Amino acid sequence: MQAWQVHENGEPSEVMRLEDVGTPTPGDGQVLLKVRAANINFPDALMCRGQYQVRPPLPFTPGVEICGETEDGRRVLATPALPHGGFAEFAVADAAALLPAPDALDDAEAAALHIGYQTGWFGLHRRARLEAGETLLVHAAAGGVGSAAVQLGKAAGARVIGVVGGAAKAAVARELGCDVVVDRNAEDVVAAVKEATGGRGADVVYDPVGGAAYAQSAKVVAFEGRIVVVGFASGTIPSPALNHALVKNYSILGLHWGLYNTKNPKLVQHCHERLTELAAQGAVKPLVSERVPLGGAAVAVQRVADGVTTGRVTVVPGLTEGGAA
């Protein structure tokens with residue numbers, strides 16, 4: 001089969017190589033899956049660079065999120081068991097962690113409903129306890145993680161403010177349903193959010209960016225607000241001033257979704273059932289901005305790493321270079 005292999009750490013476009021390799025053999029409790037679609041996540045780029053908390057042995061195939069097909073023909077969502085990741089024709093995954101692919105979504109959309117939406121659901125509902133009528137601020141609102149949080153926030157009845165970088169991403173954020181869109185390249189984020197909230201600030205801030213975005217979050221979070229720390233796409237991990245949290249009475253909440261798979265897997269199943277319901281209702285629908293063939297994976301991962309994409313970019317092995325499946 002064909003699979004992208006990383007033999008050394010570095011930038012995705014430089015270290016990912018498409019090779020002919022043997023079909024992986026499932027271990028105990030694992031199943032072999034035909035990859036129908038593999039969603040690109042920022043951690044795929046971090047893994048290529050050797051900067052992610054999970055460091056699979058070299059060589060490995062990146063791709064942490066797929067819609068796959070079992071040997072008996074079932075469509076399922078899975079997080080492949082590394083080093084046999086999803087940017088390949090076949091992957092392996094733990095049988096106990098498979099989730100049924102929602103009928104309301106095609107393969108690429110289904111692949112994108114997993115990690116980003118689970119992260120959003122746990123962040124907004126389990127950690128921040130977002131309530132209808134509250135104001136939710138989402139950083140990088142047009143990106144893969146941010147776009148999921150925007151849709152989930154709207155589905156929960158929140159007023160959503162989206163922060164983006166650039167006019168094109170602002171247009172995407174509006175289409176996603178943001179009530180207010182702030183272009184950080186053209187506006188003062190803190191001033192714009194305070195104006196949009198009458199000086200009160202945001203009840204919940206969803207931050208997958210870190211760095212300067214976190215500093216803005218601390219300035220605009222409301223009294224008894226909650227900042228959900230999801231990741232550091234900016235590359236800079238902030239060092240919060242805890243006296244500031246004390247003075248303003250806000251909470252800083254960490255979220256590592258992967259922990260729930262081992263600490264409380266029943267919650268992951270419950271979340272998936274809720275997301276499937278929302279998808280069936282049309283309340284959430286992953287924004288798949290691009291579908292690329294297997295041969296285009298390395299360039300696509302690099303583009304996600306560089307922050308120039310919107311929504312989700314998904315690798316579809318059955319897609320030809322001309323775009324036909």
Side-chain angles (χ1 to χ4, degrees), residues 1-4 23-24 26 30-44 47 61-82 84-121 143-145 147-148 151-152 257-258 261 265 268-269 271-297 300-301 304 309 311-320 323-325:
M1 70 164 191
Q2 284 197 309
W4 285 92
T23 302
Q30 295 181 331
V31 293
L32 180 68
L33 298 174
K34 178 183 179 181
V35 179
R36 296 176 67 112
N39 187 45
I40 298 175
N41 288 268
F42 193 69
D44 292 316
M47 258 186 274
T61 297
V64 297
E65 177 178 48
I66 69 169
C67 175
E69 182 178 329
T70 62
E71 292 183 342
D72 59 5
R74 290 180 296 127
R75 288 172 72 233
V76 296
L77 305 187
T79 53
L82 299 173
H84 304 296
F87 301 146
E89 293 180 295
F90 290 90
V92 295
D94 293 333
L98 298 181
L99 299 170
D103 293 334
L105 304 177
D106 67 22
D107 293 339
E109 293 165 342
L113 190 76
H114 200 178
I115 298 174
Y117 279 82
Q118 287 258 349
T119 299
W121 190 91
V145 173
S147 61
Q151 291 184 355
L152 289 168
W257 170 75
N261 286 300
V268 175
Q269 180 64 45
C271 174
H272 181 66
E273 291 170 358
R274 183 66 185 125
L275 291 175
T276 299
E277 292 171 1
L278 290 171
Q281 296 164 6
V284 302
K285 185 181 179 67
L287 172 62
V288 179
S289 57
E290 299 175 56
R291 291 169 169 82
V292 300
L294 184 59
V301 173
V304 170
T309 60
R312 287 297 189 185
V313 180
T314 305
V315 178
V316 183
L319 200 64
T320 65

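From a predicted model like this one, the values you see are computed outputs, not experimental measurements. We're numbering straight along the sequence, starting at 1.
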Looking only at heavy atoms, which two atoms of W4 and A297 are closest? And how far apart?
NE1-CB, 3.4 Å
Looking at side-chain heavy atoms only, is the closest gap between P286 and L113 below 4.5 Å?
yes
Just verifying a value: how many Å separate E290 CD and T309 OG1, rounded to the nearest 0.5 Å?
7.0 Å
Tell me, with the steps shown, if R312 and V145 meet side-chain contact (heavy atoms from CB on, under 4.5 Å).
CA-CA 9 Å; R312 287 297 189 185; V145 173; 4.0 Å; yes
Considering all heavy atoms, the nearest V64-I115 contact:
O-CD1, 3.6 Å
When rounded to the nearest 0.5 Å, the distance separating NZ of K285 from CG of L278 is 13.5 Å
Heavy-atom side-chain contact between M47 and L82 under 4.5 Å
yes
Donor-acceptor contact present, side-chain D106 to main-chain A108, <3.5 Å:
yes
Between E65 and G116 the two heavy atoms that sit nearest each other are OE2-N, 4.0 Å
Nearest 0.5 Å, please: how far is CZ in R75 from CG in D103?
7.0 Å
For A110 and L105, work out which heavy atoms get closest and say how close.
N-CB, 3.8 Å
T70 versus L33: any side-chain heavy-atom pair under 4.5 Å?
yes
Would you say the side chain of P62 lies within less than 4.5 Å of the side chain of I40, judging by non-hydrogen atoms?
no
Which atoms form the tightest heavy-atom contact between A88 and P317, and what is the distance?
O-CG, 3.7 Å
pair L32-T23: side-chain heavy atoms closer than 4.5 Å:
yes
Atom pair SG (C67) and CD (E109), whose distance is rounded to the nearest 0.5 Å
10.5 Å
Mind checking whether F87 and V301 have side chains closer than 4.5 Å, heavy atoms only?
yes
Less than 4.5 Å apart, any side-chain heavy atom of L294 and any of V315?
yes
Who pairs with P43 by side chain to side chain contact (heavy atoms under 4.5 Å, CB included), at least two apart in sequence or on another chain?
N41, Y52
Assess whether side-chain contact (heavy atoms from CB on, under 4.5 Å) is satisfied between V316 and D107, documenting all intermediate values.
CA-CA 8 Å; V316 183; D107 293 339; over 6 Å; no
With a 4.5 Å heavy-atom cut-off, do P100 and H272 have their side chains touching?
yes
Taking atom CD of Q30 and atom CG of L98, what is their separation to the nearest 0.5 Å?
10.5 Å
Nearest non-hydrogen partners of L77 and P102, listed with the distance:
CD1-CD, 4.3 Å
Sequence neighbours left out, what passes side chain to side chain contact (heavy atoms under 4.5 Å, CB included) with Q269? Give chain and number order.
L99, E273
Under a 3.5 Å distance rule, please check whether N39 uses its side chain to pair with a backbone N or O of T314 as donor and acceptor.
no
For A91, check side chain to side chain contact (heavy atoms under 4.5 Å, CB included) against everything at least two apart and list the hits.
V35, I66, P80
Quick one: pull up CD in Q118 and CG in L152 and give me the separation to the nearest 0.5 Å.
10.0 Å
